[in-house]
Amino acid sequence: MRSFTFERAGDIAGAAKAASRPGASFIAGGTNLLDLMKLDVERPAHLVDVSRLPLRDVVETQDGGLSIGALVSNADLAADSRVRQRYPVLSQALLNGASAQLRNQATTAGNLLQRTRCPYFYDVSMPCNKRQPGSGCSALGGYNRMHAILGASEACIAVHPSDMAVAMTALHAEVEIHTPSDVTRRVPIAELHRLPGQTPEHDTTLAPGELLTAVILPPPPPGRQIYRKVRDRASFAFALVSLAAILEVGGGKVKNARLAMGGVAHKPWTPKEAERELVGAAAQADSFERAGQAAVKDATGQPHNEFKIALAQRLVARTLGDLAAGG
């Protein structure tokens with residue numbers, strides 16, 4: 001076991017300042033960090049416990065949205081009546097993640113900031129640019145069935161594992177961030193996570209010590225919502241491909257469409273070309289087929305995951321068809 005120091009934060013400003021020191025990490029539910037520490041993947045020199053901070057409420061915003069505290073558990077958020085009624089895509093995504101026990105412990109911020117489940121990242125005996133920059137990507141020449149088909153690079157083909165992040169991306173959520181200099185700022189959730197490029201060790205755009213304190217949901221968008229997750233088994237499995245879809249139809253045409261895909265990239269993937277293809281198109285099967293094709297237009301498969309390209313295309317087309325039909 002590697003030694004580390006520990007402190008329990010008394011307030012938000014103090015937590016951010018304490019975590020800005022080199023080698024420091026926040027800990028709340030610990031459902032991801034503790035696993036990584038046990039496997040010697042993460043080696044924090046100092047842990048800042050934020051679990052006692054007053055960030056466990058879900059409150060109404062003045063414009064009709066919701067502000068979700070960073071420490072709200074996944075289970076409580078999924079069960080919140082306002083989320084279930086107004087943002088069903090989010091509730092569905094949460095219930096599709098992990099197990100009931102983990103959902104009781106995992107927090108909103110922790111879920112968004114969890115690290116990839118790539119087996120080579122978790123195996124310290126294997127080269128991994130995300131874990132040790134410059135060492136290589138073992139997944140490129142290894143078993144890569146679960147890996148990225150969009151937005152990857154020669155340095156990393158890992159995918160982001162969060163279901164909740166995919167739904168929140170489709171809902172155009174924002175994240176509230178408190179900095180070590182005691183300033184609060186908001187960032188669209190689509191800008192929180194990043195693609196690997198040549199620096200896959202950086203999962204997000206957060207600077208050291210920046211504390212995610214809340215997620216802000218705008219008023220619910222018009223149309224029907226759904227989250228679908230294709231996985232190897234029905235319980236506690238990460239997505240091969242997932243889709244958060246919001247579709248508004250009127251007069252036989254698509255008035256608005258929001259799509260976000262999981263299991264396909266280093267961050268929740270928004271297929272903008274597919275969304276553009278849909279708006280104004282007839283709400284019928286051939287339009288949804290074209291949207292599915294547009295969603296994977298730039299996809300590149302690996303030896304073990306090329307099937308994900310066709311799978312993603314069909315998932316988009318089938319889901320949109322079901323939404324248009326009232327499903």
Side-chain angles (χ1 to χ4, degrees), residues 78 83-97 146 148-151 159-173 189-190 217 220-235 237-250 252-265 267-299 301 305-327:
V83 174
R84 293 171 62 188
Q85 294 166 15
R86 292 150 56 181
Y87 306 96
V89 67
L90 176 56
S91 182
Q92 293 164 15
L94 286 161
L95 293 172
N96 271 279
M146 299 292 292
I149 57 173
L150 289 162
V159 297
H160 192 267
S162 172
D163 293 290
M164 181 177 71
V166 179
M168 287 183 168
T169 299
L171 290 167
H172 294 181
I189 197 167
L217 293 179
R224 297 189 177 96
Q225 306 176 17
I226 195 169
Y227 184 77
R228 281 194 171 158
K229 180 177 181 179
V230 181
R231 49 186 166 175
D232 287 326
R233 61 180 186 271
S235 175
F238 296 100
L240 290 167
V241 180
S242 65
L243 176 68
I246 303 170
L247 189 71
E248 181 187 8
V249 175
K253 293 185 179 296
V254 176
K255 298 177 66 176
N256 188 37
R258 298 187 189 180
L259 306 175
M261 302 168 69
V264 297
K267 60 181 290 184
W269 186 266
T270 303
K272 291 295 186 183
E273 191 166 337
E275 292 179 339
R276 289 192 292 268
E277 182 78 33
L278 285 165
V279 176
Q284 57 190 33
D286 58 346
S287 298
F288 303 143
E289 289 290 344
R290 288 195 297 271
Q293 293 167 5
V296 295
K297 177 184 175 183
D298 298 320
N305 75 354
E306 286 186 315
F307 73 95
K308 290 175 70 169
I309 299 175
L311 180 62
Q313 177 180 331
R314 292 170 184 164
L315 180 63
V316 170
R318 173 67 179 271
T319 301
L320 291 171
D322 289 348
L323 283 176

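Residues take their numbers from the sequence shown, with the count starting at 1.
- Remark: Ala295 pairs with Met261, Pro271, Ala274, Val316 by the side chain to side chain contact (heavy atoms under 4.5 Å, CB included) rule, at least two apart or across chains.
- For Ser162, the side chain to side chain donor-acceptor pair (under 3.5 Å) partners at least two apart in sequence or on another chain are Asn111.
- A side chain to side chain contact (heavy atoms under 4.5 Å, CB included) with Leu259 holds for exactly one of Leu278, Thr169, Thr319, Leu247; it is Leu278.
- Looking only at side-chain heavy atoms (C-beta outward), Trp269 and Val159 stay at 4.5 Å or farther from each other.
- Under the side chain to side chain contact (heavy atoms under 4.5 Å, CB included) criterion, Glu306 pairs with no residue at all, not counting sequence neighbours.
- For the pair Tyr87 and Pro220, the tightest heavy-atom approach, listed with the atom from each and the gap, is OH-CD, 3.4 Å.
- Under the side chain to side chain contact (heavy atoms under 4.5 Å, CB included) criterion, Arg318 pairs with Arg228, Asp322, sequence neighbours left out.
- Within the 3.5 Å criterion, the main-chain N or O of Leu323 finds a donor-acceptor partner in the side chain of Arg224.
- With hydrogens and angles ignored, the 3.5 Å screen pairs a side-chain donor or acceptor of Ser91 with a backbone N or O of Ala78.
- To the nearest 0.5 Å, atoms CG (Leu150) and OG1 (Thr270) are separated by 11.0 Å.
- For Asp163, the side chain to side chain donor-acceptor pair (under 3.5 Å) criterion is met by Tyr227, Lys229, not counting sequence neighbours.
- Ala167 and Val89 get closest at one heavy-atom pair: CB-O, 3.7 Å.
- The pair Lys297-Glu273 counts as a salt bridge, with a side-chain nitrogen and a carboxylate oxygen less than 4.0 angstrom apart.
- At a threshold of 4.5 Å between non-hydrogen side-chain atoms, the residues Lys308 and Val296 do not count as touching.
- By the side chain to side chain donor-acceptor pair (under 3.5 Å) test, Gln293 pairs with no residue at all, sequence neighbours left out.
- For the pair Arg231 (side chain) and Ala234 (backbone), a donor-acceptor distance under 3.5 Å is present.
- A search for side chain to side chain donor-acceptor pair (under 3.5 Å) contacts involving Arg86 returns Glu60, not counting sequence neighbours.
- Counting only heavy atoms from C-beta outward, the side chains of Leu171 and Pro221 approach each other to under 4.5 Å.
- Taking the salt bridge (charged side-chain N to carboxylate O under 4.0 Å, His left out) definition, one finds that Glu248 meets it with Lys255, sequence neighbours left out.
- Considering all non-hydrogen atoms of both residues, Pro222 and Ile246 come closest at O-CG2, 3.8 Å.
- In this structure, the side chain of Ser287 does not engage the main chain of Ala283 through any donor-acceptor pair within 3.5 Å.
- How far CG of Leu95 is from CG of Leu90: 9.5 Å, rounded to the nearest 0.5 Å.
- By the side chain to side chain contact (heavy atoms under 4.5 Å, CB included) test, Ala173 pairs with Met168, Ile189, Val215, Leu217, sequence neighbours left out.
- Contacts of Arg290 classified as salt bridge (charged side-chain N to carboxylate O under 4.0 Å, His left out), with partners at least two apart in sequence or in another chain: Glu277, Asp286.
- The closest side-chain heavy-atom distance from Asn256 to Arg258 is below 4.5 Å.
- Using modelled atom types, no side-chain atom of Asn305 and backbone atom of Gly301 make a donor-acceptor pair closer than 3.5 Å.
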